[in-house]
Amino acid sequence: MAVLQVGDISIQRIVEHEIPFYYPLDFFDEATAEAVEPYREWLEPKALCPETGRMIMPVQSYLVRTRHHCILIDTCVGCNKTYSEPPEWHQRENQVWLSNLEAAGVHPAEIDYVFCTHLHSDHRGWNTQLVDGRWVPTFPNTQYIFARDEYRAMESENSLIFIENVQPILEAKQAVLVDLDYALDDEIWLEPTVGHTVGHVAVNLKSGSNRAAMCGDLIHTPLQLAEPDWSPTFEYDRTISTRTRRAFLDEHCESDTIVLTAHFPSPSIGHIVPRGSGYDFRYVPSG
Ligand SMILES: [Zn+2]
């Protein structure tokens with residue numbers, strides 16, 4: 001597992017899986033076969049599977065080690081969880097993510113903080129695990145940082161999702177509800193990037209003059225670099241998410257900020273650069 005160094009901060013991807021997943025035409029209302037065709041050569045085979053026509057999208061966390069803290073950003077799908085969609089995530093027993101975390105040299109008890117960019121199914125699953133029929137925090141010595149707006153929206157649903165993934169954290173008194181611009185210290189802080197969900201945040205990292213930003217589901221696929229106005233059908237507010245995505249891309253295009261994506265194909269990490277009237281991604285090989 002490659003380690004990316006951002007000043008004194010080390011960053012590692014902890015991958016749960018990486019497979020051809022959604023079809024562009026199912027993911028975006030705007031994506032017709034004619035609209036996607038001009039981008040196929042640019043996206044294949046890395047981001048768009050030539051055999052299946054599906055977008056290749058990992059589900060992964062970022063393990064961040066600063067001088068002071070051991071941090072996880074997002075916690076993937078998890079095990080034994082109730083999912084209606086997609087069916088292969090329902091009641092999964094695959095523990096590969098936990099094995100990959102241990103292979104990175106970190107035991108769950110060593111995690112100081114978990115940050116969730118938002119609380120969708122592929123970003124909160126390992127928050128908890130099932131032990132003797134009870135949902136308990138996977139990370140026993142951790143403070144879980146949830147954006148207050150995101151938490152409140154999920155709490156009001158009071159769904160199985162909340163009961164399995166979030167409520168046990170509250171009950172264990174390990175949840176910390178924060179504003180959308182919360183700063184843990186001068187090396188890690190949140191930035192509101194709402195639209196995908198009501199309380200979606202990006203996580204910024206800084207060490208000296210070195211910067212990185214984990215963008216969560218603000219951008220799902222490189223296809224949106226060519227078409228930044230395409231928002232997934234399941235967004236909370238597609239107009240706001242488009243505006244937020246464009247602002248993020250403009251801010252970081254040709255900057256030194258290393259962007260850590262949630263779902264771009266491996267190595268998932270890179271720089272935003274211009275391409276025609278849109279953007280491209282220059283992958284950082286060590287990611
Ligand atoms: Zn996601």
Side-chain angles (χ1 to χ4, degrees), residues 13-24 26-28 31 47-48 54-63 72-79 81-90 92 94 96-97 100 114-128 144-147 149-151 153-154 157 159 161-162 164-166 190-203 213-225 228 230-238 240-242 244-245 248-249 259-270 281 287:
R13 300 160 60 224
I14 309 296
V15 178
E16 190 169 48
H17 62 252
E18 181 169 9
I19 51 170
F21 197 31
Y22 286 109
Y23 293 105
D26 290 341
F27 206 67
F28 302 109
L48 190 67
R54 295 171 186 254
M55 296 182 291
I56 296 167
M57 303 172 82
V59 170
Q60 59 191 331
S61 308
Y62 283 92
L63 173 65
L72 270 175
I73 305 175
D74 288 348
T75 63
C76 298
V77 170
C79 277
K81 297 294 169 73
T82 306
Y83 290 118
S84 53
E85 184 67 31
E88 57 268 31
W89 291 3
H90 180 63
R92 196 152 78 161
N94 179 342
V96 68
W97 181 89
N100 287 342
V114 164
F115 285 80
C116 290
T117 58
H118 63 300
L119 291 172
H120 276 171
S121 52
D122 50 329
H123 299 261
R124 55 155 199 240
W126 278 106
N127 281 1
T128 59
Y144 290 70
I145 310 295
F146 298 137
D149 294 353
E150 187 78 0
Y151 169 82
M154 177 155 283
E157 291 174 13
S159 60
I161 293 165
F162 179 75
E164 292 180 352
N165 298 281
V166 183
L190 304 182
E191 174 186 352
T193 47
V194 299
H196 179 61
T197 61
V198 69
H200 188 283
V201 291
V203 182
M214 161 53 171
C215 66
D217 281 2
L218 175 64
I219 314 166
H220 283 83
T221 159
L223 182 53
Q224 287 168 292
L225 299 175
W230 290 11
S231 290
T233 53
F234 52 88
E235 304 264 269
Y236 164 70
D237 188 316
R238 298 171 67 199
I240 295 173
S241 81
T242 295
T244 310
R245 182 164 44 257
F248 183 92
L249 291 169
V259 176
L260 317 172
T261 70
H263 297 304
F264 280 25
S266 290
S268 307
I269 294 171
F281 202 62

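Both counts, for ligands and for their atoms, begin at 1 and track the order of listing. Just so we're clear, the structure is a prediction, and the values are computed from it rather than from any experiment. Residue numbers count from 1 along this sequence.
- Under the rule for a side-chain hydrogen bond (donor to acceptor under 3.5 Å, both in side chains), Thr244 has no partner lying at least two apart in sequence or in another chain.
- Not one N/O/S atom of His220, from backbone or side chain, sits under 2.8 Å from the Zn ion (ligand 1).
- Around the Zn ion (ligand 1), the angle linking Asp122 (OD2) with Asp217 (OD1) is 160°, rounded to 10 degrees.
- Applying the salt bridge (Lys or Arg N to Asp or Glu O under 4.0 Å) criterion to Arg92, with sequence neighbours excluded, gives Glu16.
- Ring centroids of His120 and His200 are separated by 6.0 Å or more, keeping the two rings apart.
- At least one N, O or S atom of His123, from either the backbone or the side chain, sits less than 2.8 Å from the Zn ion (ligand 1).
- At a cut-off of 2.8 Å, Asp74 is not counted among the residues with an N, O or S atom near the Zn ion (ligand 1).
- Partner of Phe28 under the ring-ring contact (aromatic ring centres under 6.0 Å, His included) criterion, out of Tyr22, Trp230, Tyr23: Trp230 alone.
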